[in-house]
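Here the structure is a predicted model, which means the values were calculated and not measured. Chain naming here is simple, since letters A, B, ... match the order of the sequence lines and numbering starts at 1 in each.
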Amino acid sequence: MDGERFSSSQLNEGLVKRALPRYATLASTITGAPRGSMRVSNLSTEFDYDDTLARCARGEHDALHALYRLEGARMLGVVQRIVKDRGMAEDIVHDAFLNIWQRAATFDAERGNARTWIFSIARHLALNAIRRRDRMPDSAFDPDELEQEDTSRPEGQAFEAFDWQTGQRMDDCLKELEAERRSCVLQAYVNGLSHAEIAEHTGAPLGTVKAWIKRSLVRLRECLA
Amino acid sequence: MNDVNEHDDKHALAGEYVLGTLSFAERQALTARLERDPELARAVRAWEERFFPYNALTEPLPPSDFLWPRIERSLGQSRPRVARPGVWQRLGVWRAAAGLGLAASVVMAALLFLRPAAPATPEYMVVLLAPQNQSAGWVVQAANRRQIELIPLGTFEVPEGKALEFWTKADDWQQPVSLGLVEPGQPIRLDLDDLPPLEDNQLFELTMEDATGSPTGLPTGPIEYIGRAVEI
């Protein structure tokens, strides 16, 4: 059953084709870098994230609300891409904002960027949720549901179909990786794919995927050093 | 992979945690390690900063109109409110129930963790996570919508003069209701006779309160563990 579900190249082709229109719009947002990232950086200069977190730590609801208005949609996008379940994604964003609220006092601007901190909270909640779900035995799932879940996951292999670059130094290091390995890394980060799912999507053996990712991380770190 | 040394291993592990490829158990183990391994924590933060820009590859998705009101309601729960006497007077009853339920809970825990596909699979399940590090501390499971069991996954240190109080709140309730004090490391089984039947997404949390329970009948202390019911 599993093999049939994942290794069918027909299915994968279908997924990629269906994915293209979506990626086209995504590509225009990103290659035009401009719209997506410029807006972010403009906001970053206007919006004082550190101060907002400090106000959250003092118990000011307005501060959290401002943060939600600014980042809620972006956070939901990131979480939805990982968990692929709208209800669960909203639950996680709810929990993430509650976490941000409760942990705001522990945020230390000396140790990192506030936006990174905020999104990391949401990503780790999302990753915990899907990895917990992965852990459940197959029999706990309705196979039809899984099938549906798979068809709603059009991200496979499509990373080279659009410009994934963000204008950061990391881009250059990712470019030095072979396309297939770079794709594994980005698939994992953006789509929350596990080793096994990446293996299914790429057709590479599980052990190979694990080694690729580990080696890629070592090389990325060397490159950034 | 002889050229990948131990130092690289730590950074690669941190990288895998941030990428998200680790299994649930590996993630839990790493989260627990973060607190006592500052080098690993630094490595995690470094990867988070490196990969953060790639979140821009994802299109924003406007949340439903209900999400912010829901967050705001949850914020309200963690702050002291007007006293509502009578709620926590049930504590004694719950304590008694805790003793009775212990044996059954141990069996259920064994079923849950050793034979997950057993027919006794609960109808609802909640994993209660520590907000600070997202580690799972307790599991609530319910074989039906009237009876729940709270099962510890480990031990938990409660400071002198303090106690863990167990709360629940369904989406459309005005306020959380106390389910009584719980002993760290002890399972507890509760009948929800006085409450509406358990529903999907119902919130459960454990807060740190005075040894005699919250003086207001509502959570006043920090949330130690929190989670929502998922229908299985």
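Heavy atoms only, all atoms of each residue included: Thr58(B) and Gly77(A) are closest at CG2-O, 3.1 Å. Heavy-atom minimum distance, Ile71(B) versus Leu98(A): O-CD1, 4.2 Å.
The closest side-chain heavy-atom distance from Asp9(B) to Lys214(A) is below 4.5 Å. Side-chain contact check for His195(A) versus Glu16(B): some heavy-atom pair is nearer than 4.5 Å. Using a 4.5 Å cut-off on side-chain heavy atoms (C-beta onward), Val78(A) and Leu61(B) make no contact. Looking at Met170(A) and Pro53(B), their side chains never come closer than 4.5 Å, going by heavy atoms from C-beta outward. Between Arg228(B) and Asp95(A), the closest side-chain pair of non-hydrogen atoms falls below 4.5 Å. Side-chain atoms of Phe24(B) and Leu127(A), non-hydrogen and from C-beta on, never get closer than 4.5 Å to each other. The side-chain heavy atoms of Pro63(B) and Leu76(A), taken from C-beta on, include a pair separated by under 4.5 Å.
Between Arg131(A) atom CZ and Gln28(B) atom CD the span is 13.0 Å, to the nearest 0.5 Å. Put simply, OG on Ser23(B) and CZ on Arg132(A) are 13.0 Å apart, with the number rounded to the nearest 0.5 Å. Here the OG1-CD distance, from Thr21(B) to Gln187(A), works out to 12.5 Å after rounding to the nearest 0.5 Å.
Interface remark: Arg50(B) contributes backbone and side-chain atoms alike to the contact with chain A (heavy atom separation under 4.5 Å). With a 4.5 Å cut-off on non-hydrogen atoms, Arg103(A) touches chain B through its side chain but not through its backbone. The contact between Val185(A) and chain B is made by backbone and side chain atoms together, counting heavy-atom distances below 4.5 Å. Only the backbone of Leu22(B) comes within contact range of chain A, with heavy atoms under 4.5 Å apart. For Ser64(B), the parts lying near chain A are the backbone and the side chain together; criterion is any non-hydrogen pair under 4.5 Å. Looking at Arg169(A), neither its backbone nor its side chain comes within 4.5 Å of chain B, counting heavy atoms on both sides. With a threshold of 4.5 angstrom between heavy atoms, Tyr17(B) approaches chain A through its backbone and through its side chain. Looking at Leu224(A), the atoms closer than 4.5 Å to chain B (heavy atoms on both sides) all sit in the side chain, from C-beta outward. Contacts of Leu174(A) with chain B are made by side-chain atoms alone, with heavy-atom separations under 4.5 Å and no backbone atom involved. Using a 4.5 Å cut-off between heavy atoms, Arg70(B) touches chain A through backbone and side chain atoms alike. Using a 4.5 Å cut-off between heavy atoms, Asn113(A) touches chain B through backbone and side chain atoms alike. Looking at Glu90(A), the atoms closer than 4.5 Å to chain B (heavy atoms on both sides) sit in the backbone and in the side chain alike. Contacts of Val18(B) with chain A are made by both backbone and side-chain atoms, with heavy-atom separations under 4.5 Å.
Note: Asp171(A) leads Ile130(A), Thr106(A), Asp171(A), Val79(A) in heavy-atom pairs under 4.5 Å with chain B. Per-residue counts of heavy-atom pairs under 4.5 Å with chain B were compared for Leu64(A), Thr116(A), Val93(A), Ile198(A); the largest is that of Thr116(A). By number of non-hydrogen pairs under 4.5 angstrom with chain B, the leading residue of Gly192(A), Ser194(A), Ser120(A) is Ser120(A).
Aromatic pair Phe51(B)/Tyr189(A): centroids less than 6.0 angstrom apart.
Using modelled atom types and a 3.5 Å distance limit, the side chains of Glu72(B) and His65(A) yield no donor-acceptor pair. The closest side-chain donor-acceptor pair between Arg74(A) and Asn55(B), if any, does not fall under 3.5 angstrom.
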Which is it for His124(A) and Glu48(B) under the side-chain hydrogen bond (donor to acceptor under 3.5 Å, both in side chains) test, yes or no, and what are the steps along the way?
-> CA-CA 11 Å; His124(A) 286 302; Glu48(B) 279 168 348; 2.7 Å; yes
Yes or no on side chain to side chain contact (heavy atoms under 4.5 Å, CB included) for Trp47(B) and Leu217(A), after CA distance, side-chain angles and deciding distance?
-> CA-CA 9 Å; Trp47(B) 282 116; Leu217(A) 288 168; 3.7 Å; yes
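Every residue two or more places apart in sequence or in another chain that forms a ring pair (Phe, Tyr, Trp, His ring centres under 6.0 Å) with Tyr68(A) is listed here: Phe97(A), Trp68(B).
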